[in-house]
Amino acid sequence: MRVLGIETSCDETGVAVYDSEQGLLAHTLYSQVAVHAEYGGVVPELASRDHVRKLLPLIRQVLADAHCSSCDIDGIAFTSGPGLIGALMVGASVGRSLAYAWQVPAVAVHHMEGHLLAPMLEDNPPAYPFVALLVSGGHTQLVEVKGIGEYQILGESLDDAAGEAFDKAAKMLDLDYPGGPEIAKLAGQGDVSRFKFPRPMTDRPGLDFSFSGLKTFTLNTVAQHRGDEVLPDDQTMADIACAFQEAVVDTLAIKCRRALEQTGLKTLIIAGGVSANTRLRERLSEALNKVGGEVFYARHEFCTDNGAMIAYAGCQRLVAGQQEELAILAKPRWPIDALPTLS
Ligand code: KG4
Ligand code: ZN
């Protein structure tokens, strides 16, 4: 089965063609980062309008790149939630309508399930069951995964998501949006021993997270080291970025180890934008090596939002016979553990 995947849940328009026999045939991505940069974050209305402008040309392009026409497409997968309602509506309307016009089934894909399954697009995919750490701009969750749709949430953030914490800390350091990659870059020049930031909620049992205290700690540290209206000196900024990144990475690693102990599993996958973080990958690889486990993640471009993960997830569900009615479905809130299993 050959599936066209459409992702428009936030500020990236992603389109891909995935074939159940041949794998990923083509994918393309348009990022709206430049549109939102001057506002320091995503402006929902601008996001929706830009998806409207870019989606159809990208679909044409990806079909050409995959050397196929609409007649070769057997199903359409579109991100239905969670995300920004206007942005979701664009992908859902276009995806559902094209499926109707082309007389093929359509399936509504959960954005975080897309992320969770992205490591399956790699050459050496993980085998079920595993623990998944989902770390994006909107979500931080530990999930026990027994198969597609068999998800049990083990813990999640009680306030800010990990990516959101990176973005907010970056703003305090006057870095560009999105802040995660900027903090990571700056942290590379920092001295890890200068500041010690807290590892929130690691001193008590449980698998939930809280990153808002770390945000306040960062703000206070910046305030202590700056003069009137001026930012701290370059080295101090790098040292703060480094201490912040180390605290987030360490907190995530402690909870991942705990989740593996609790479930008795040895395989961890990390997915979502923050899984692109090199320090997080390093830290988890070290930790898992020590206990004979293994950590899996997608290639860089499939950690952040993309169409390939939606085409893959949708393909699995379409092959299993799942499809939507004619209604256009967009769900800004949609718990991942409410998804149906494949059987
Ligand atoms: O998964 P994603 O593309 O979008 C959502 O579903 O939210 O994740 C975006 C988030 C942003 O908060 C961004 O700052 C963060 O992922 N991010 C990173 C890195 N690359 C992206 N955070 C830390 N280190 C990175 N290298
Ligand atoms: Zn995402």
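Note that ligands are numbered from 1 as they come in the structure, with each ligand's atoms numbered from 1 the same way.
When hydrogens are left out, the protein atom nearest atom 11 (C) of ligand 1 is Asp167 OD2, 3.6 Å; that is the closest non-hydrogen contact. For atom 6 (O) of ligand 1, the nearest non-hydrogen atom of the protein is His111 NE2, 3.1 Å. The nearest heavy-atom contact from the protein to atom 9 (C) of ligand 1 is Gly137 N, 3.8 Å. Closest to atom 20 (N) of ligand 1 among all protein heavy atoms lies Gly273 O, 3.4 Å.
For atom 23 (C) of ligand 1, the nearest non-hydrogen atom from the set Gly180, Pro178, Gly138, Pro82 comes from Gly180. For atom 2 (P) of ligand 1, the candidate residues are Asp305, Asp11, Leu134; the nearest heavy-atom contact is made by Asp305.
Considering backbone and side-chain N/O of Gly163, one or more are found under 3.5 Å from N/O of ligand 1. In terms of N/O distances under 3.5 Å, ligand 1 is not approached by Thr304. Taking only nitrogen or oxygen atoms, main chain and side chain alike, Ala184 does not reach within less than 3.5 Å of ligand 1. No N or O atom of Glu12 sits closer than 3.5 Å to an N or O atom of ligand 1.
Not a single heavy atom of Gln245 sits closer than 4.0 Å to an atom of ligand 1.
Between Asp167 and Lys171 no salt bridge is recorded (no basic side-chain N to carboxylate O distance below 4.0 Å). Under 4.0 Å is where a charged nitrogen must lie from a carboxylate oxygen, and between Arg53 and Asp50 at least one such pair does. Comment: Asp19 engages Arg2 in a salt bridge, judged by a side-chain N to carboxylate O separation of less than 4.0 angstrom. The pair Arg96-Glu324 fails the salt-bridge criterion, with no side-chain N (NZ, NE, NH1 or NH2) lying under 4.0 Å from an Asp/Glu carboxylate O.
Both the backbone and the side chain of Asn277 come within 4.0 Å of ligand 1, counting heavy atoms alone. Heavy atoms of His139 found under 4.0 angstrom from ligand 1: none, in either backbone or side chain.
Side chains of Met112 and Ser136 form a contact here, defined as non-hydrogen atoms less than 4.5 Å apart. Contact of the Phe209 side chain with the Asp160 side chain is not registered, since no non-hydrogen atoms from C-beta on lie closer than 4.5 Å.
Leu142 and Ile269 sit in two unconnected hydrophobic clusters of ILVMFWY residues. Membership requires side-chain heavy atoms under 4.5 Å apart, directly or through other members.
With a 6.0 Å cutoff to the six-membered ring centre and a 45° limit on the axis angle, Arg281 counts as a cation-pi contact of Tyr297.
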Carefully, step by step, assess Glu246 and Arg279 under the rule salt bridge (charged side-chain N to carboxylate O under 4.0 Å, His left out). CA-CA 8 Å; Glu246 207 56 23; Arg279 183 68 193 120; 2.9 Å; yes
Dump the intermediate steps for salt bridge (charged side-chain N to carboxylate O under 4.0 Å, His left out) on Arg199 and Asp250, then the final yes or no. CA-CA 7 Å; Arg199 274 59 174 155; Asp250 209 27; 2.9 Å; yes
Assess whether salt bridge (charged side-chain N to carboxylate O under 4.0 Å, His left out) is satisfied between Lys168 and Glu164, documenting all intermediate values. CA-CA 6 Å; Lys168 287 178 176 170; Glu164 192 179 357; 3.2 Å; yes
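Residues passing the side-chain contact (heavy atoms from CB on, under 4.5 Å) test with Ala243, sequence neighbours excluded: Phe195, Phe197.
Listed by chain and number, the protein N, O or S atoms at a distance under 2.8 Å from the Zn ion (ligand 2) are His111 NE2, His115 NE2, Asp305 OD1.
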